[in-house]
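The structure appears below as structure tokens.
Residue numbering restarts at 1 for every chain, and letters A, B, ... go by the order of the sequence lines. Excluded from the calculations below are hydrogen atoms, water molecules and symmetry mates; all remaining heavy atoms, backbone and side chain alike, are included.
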There are 4 protein chains.
Amino acid sequence: MPAQPPKALKPRKTPSQPRSRVTVDAIFEATIQVLLSQGMVGLTSTGVAERAGVSVGTMYQYFPNKQSLVYALNERFLTTLAERVEATCAQMHGRPVAEAAEALIDTYWAAKTERPELTRALYRSVAELETDALLHAFATRVDKATTDMFCRASDFSSPDASEVNVLLTTVIYGSVRNVFERGLGPEEILGLKSELKAMCRAYLATVGK
Amino acid sequence: MPAQPPKALKPRKTPSQPRSRVTVDAIFEATIQVLLSQGMVGLTSTGVAERAGVSVGTMYQYFPNKQSLVYALNERFLTTLAERVEATCAQMHGRPVAEAAEALIDTYWAAKTERPELTRALYRSVAELETDALLHAFATRVDKATTDMFCRASDFSSPDASEVNVLLTTVIYGSVRNVFERGLGPEEILGLKSELKAMCRAYLATVGK
Amino acid sequence: MPAQPPKALKPRKTPSQPRSRVTVDAIFEATIQVLLSQGMVGLTSTGVAERAGVSVGTMYQYFPNKQSLVYALNERFLTTLAERVEATCAQMHGRPVAEAAEALIDTYWAAKTERPELTRALYRSVAELETDALLHAFATRVDKATTDMFCRASDFSSPDASEVNVLLTTVIYGSVRNVFERGLGPEEILGLKSELKAMCRAYLATVGK
Amino acid sequence: MPAQPPKALKPRKTPSQPRSRVTVDAIFEATIQVLLSQGMVGLTSTGVAERAGVSVGTMYQYFPNKQSLVYALNERFLTTLAERVEATCAQMHGRPVAEAAEALIDTYWAAKTERPELTRALYRSVAELETDALLHAFATRVDKATTDMFCRASDFSSPDASEVNVLLTTVIYGSVRNVFERGLGPEEILGLKSELKAMCRAYLATVGK
DNA sequence: GATGAATGAGTATTCATTCAT
DNA sequence: TATGAATGAATACTCATTCAT
């Protein structure tokens, strides 16, 4: 997810020595902790450094400013998410479209639901960052994998795979986000998820003909 | 949208005198302007007051703190949105479900798209507020209207209207949000919208039987 | 001394209300005190504000940054100095050049010597500021007055008044500065001053013929 | 220039081994570069070390703190300057005072003008250091040479050589400094220099009798 | 009611200096 | 001896909020 982070957000130096690596990891973990407990507002540079057991100065050696911290965090999670989606896509090559769509739903849903609080925090954090480039890079990368998956589906015959892809991904990603926004309960979520699958199946059945 | 705003966010006094009303409107308009030009970060109380041609002191007479400003702004827009959705729902009573769903899509989409920058700004602003209650109240109010519309549809026979409602609204609201997040172009958006309608139709055709 | 202060150094608002005026004066006085006791290095924003019996915030309401404080201080003193030189020049119109030169020496010397520590502090402060424009404006203004004075001298017959003026002022202003740099004692200073006058007389006697 | 540098400013070890000498020279050169490009404000220890291709740690082996760097730089230049003045003085023994004075002007002027930007930077740097001792040592050393030169002049008959010396050096050194402060152009400078010589001649002609 | 001067807690960020490797 | 990661004290500056006029 190169994405050319807005220069001001690029990490300062990539840790090579083992000592550095430990330090950077600690900072990342601390950022998450603080983000979860205090929210974006309570995320102060001293707070993070303290939690990481590191001095502020050290933190600034690796991250040029507070934003870059959260930016890097988002980048990390989006990269992981992209990888998981790609893995699923690869696995579903040659399978029926409906199954492919369902697999995508499962993967994306799982990834976002594993640490719900963190997901929520990151969703919020994005609002205060200039993450357009980041999100765009993510979308491009993932779109490629999913479009590919749909194209290669055993029963896919739509003329415009890209159009189908945009619809499905928009609906899926959007629904997940909306679920977090509404704060639905677990049972509702399950029901919703299976209905969403049904919806995709119904749509694909229509399109394919 | 009663929603019991977290007490700290409640406007101080509801303006009844005409002079006050003008003042409050000016403040609202200024808030929007600043939000659009400087973003949530650049939204300072003095900045808004200045733009509104009012002294800070006066502003604090109507809004107990900065958040309450943005909170009220969101409330306003959500109320308008709710009203529009309700109007649509009322109008669609007794019509086929598919048409109802499409009308909902059109209305919601239009409302969010009219001032895209403002929509984007408000989406972002929400992340920094404690708007759970607000959003929940909106959801409840609107859900009632849409569920009602679906129930009364001429051809609706699903056992669980509420389940259908949750799915449709989640998908619709979520998709719109995702469109803003991805920054899709106008043509893509149009295509997406019509496909979304097709998807809903396909799903409802399945469910109804 | 308009001098268009580098925009970053321009005062934020000019105090009009009496309350403000008092505040600004207090800040000025505090700046001098701190400058004298701690030097340019010890001049911290909180330090000045504290000494002025004012909050930092108030200080920043009038001065956009620390430098602007010292800049304004220099501006003040240069303006006063310019006025005094101009007064002297006006008074010496039509008198012999030598007398005019001596009067200039006396005035300049007196102005710089009255509060030697402050003079020293300001000389030093200039080094850390972008005062080129300020100094240039001062030079231009004062040069006009002195050149004029020399031109109108009863016995001035040199073809190039401006050249004479540059020499004399450079020598005088430079000597004064050097005196502060060397840290000469009071008696040495007195001797130096009278010798400097003799030197100017001797030079002018040569030039005039 | 013994000058007893304030103990905190004394270099830590005088490099004797060739390797050290190279290091120290690199540091000096880097200091000058940074001083020229970033000014006294941008002169950070890490910045200098980096430019010198040395680690901070190494730099601190030779200079106990940042000031000492600049202090040493000034010392170096003042020493060179003193040597050049002494050489000139030695050469002018037994020559007429006027010529001696002119030679002094030429030498001093040349030394300060060769690298004008560096001269300017050093002039400024002095303001932030406790250089009184340094400057005093320089003055004493150079005064001795110049006074001596004037005493031995073929036509010098003034009762008080020291008084003459103070005047001449103050005027000369001060004028040069003022030239830098005013930012005069090259032609103006040339004219000024020759007029300054004329002035000294005129004065000495008077004094000698 | 309205004003806007004053407040000051709160925070990001820098940079000289140290010291374990 | 050299290195450069880590330190943390120091400081400029902002901005929500109050309250005397």
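- No contact: Leu69(A) has no heavy atom under 4.0 Å from any strand.
- Nearest nucleotide to the Tyr62(C) side chain, out of dA5(E), dT7(E), dA16(F): dA5(E).
- For Gln61(D) and dT1(F), the shortest distance from a side-chain N or O to OP1 or OP2 is not below 4.0 Å.
- Using a 4.0 Å heavy-atom criterion, one finds that Thr44(A) contacts the sugar-phosphate atoms exclusively.
- The nearest whole Å value for the distance from the CZ atom in Arg21(D) to the P atom in dT1(F) is 16 Å.
- The partner of dT21(F) is dA2(E), by the rule that a Watson-Crick or G-U pair needs both atom distances under 3.5 Å.
- In terms of position along DNA chain F, the nucleotide closest to Gly47(C) lies nearer the 5' end than the nucleotide closest to the other residue of the pair Gly57(B) and Gly47(C).
- As the counterpart of dT7(F), dA16(E) is assigned, both hydrogen-bonding distances of the Watson-Crick or G-U wobble pattern falling under 3.5 Å.
- Put simply, Thr23(A) has no side-chain N or O that comes within less than 4.0 Å of OP1 or OP2 on dA5(F).
- Checking the phosphate oxygens (OP1, OP2) of dT7(F), a side-chain nitrogen or oxygen of Thr58(A) falls inside 4.0 Å.
- If you check dT18(F), dA12(F), dA6(E) against the side chain of Val56(B), the one that comes closest is dT18(F).
- Ser45(B) comes within 4.0 angstrom of a base, heavy atoms only.
- Of the candidates dA2(F), dA6(E), dC13(F), the closest approach to any side-chain atom of Ser55(C) belongs to dA6(E).
- Thr131(A) and Asn74(A) share no side-chain donor-acceptor pair at under 3.5 Å.
- Within a 6.0 Å radius of CD in Gln61(A), other residues, nucleotides and ligands contribute more than 12 heavy atoms.
- When each of Leu118(B), Val126(B), Thr119(B) is checked for a side-chain contact (heavy atoms from CB on, under 4.5 Å) with Leu122(B), only Leu118(B) meets the rule.
- Within a 6.0 Å radius of CD in Gln38(D), more than 12 heavy atoms belonging to other residues, nucleotides or ligands are found.
- Among dT14(F), dA2(E), dT17(E), the nucleotide with an atom closest to any side-chain atom of Tyr60(C) is dT14(F).
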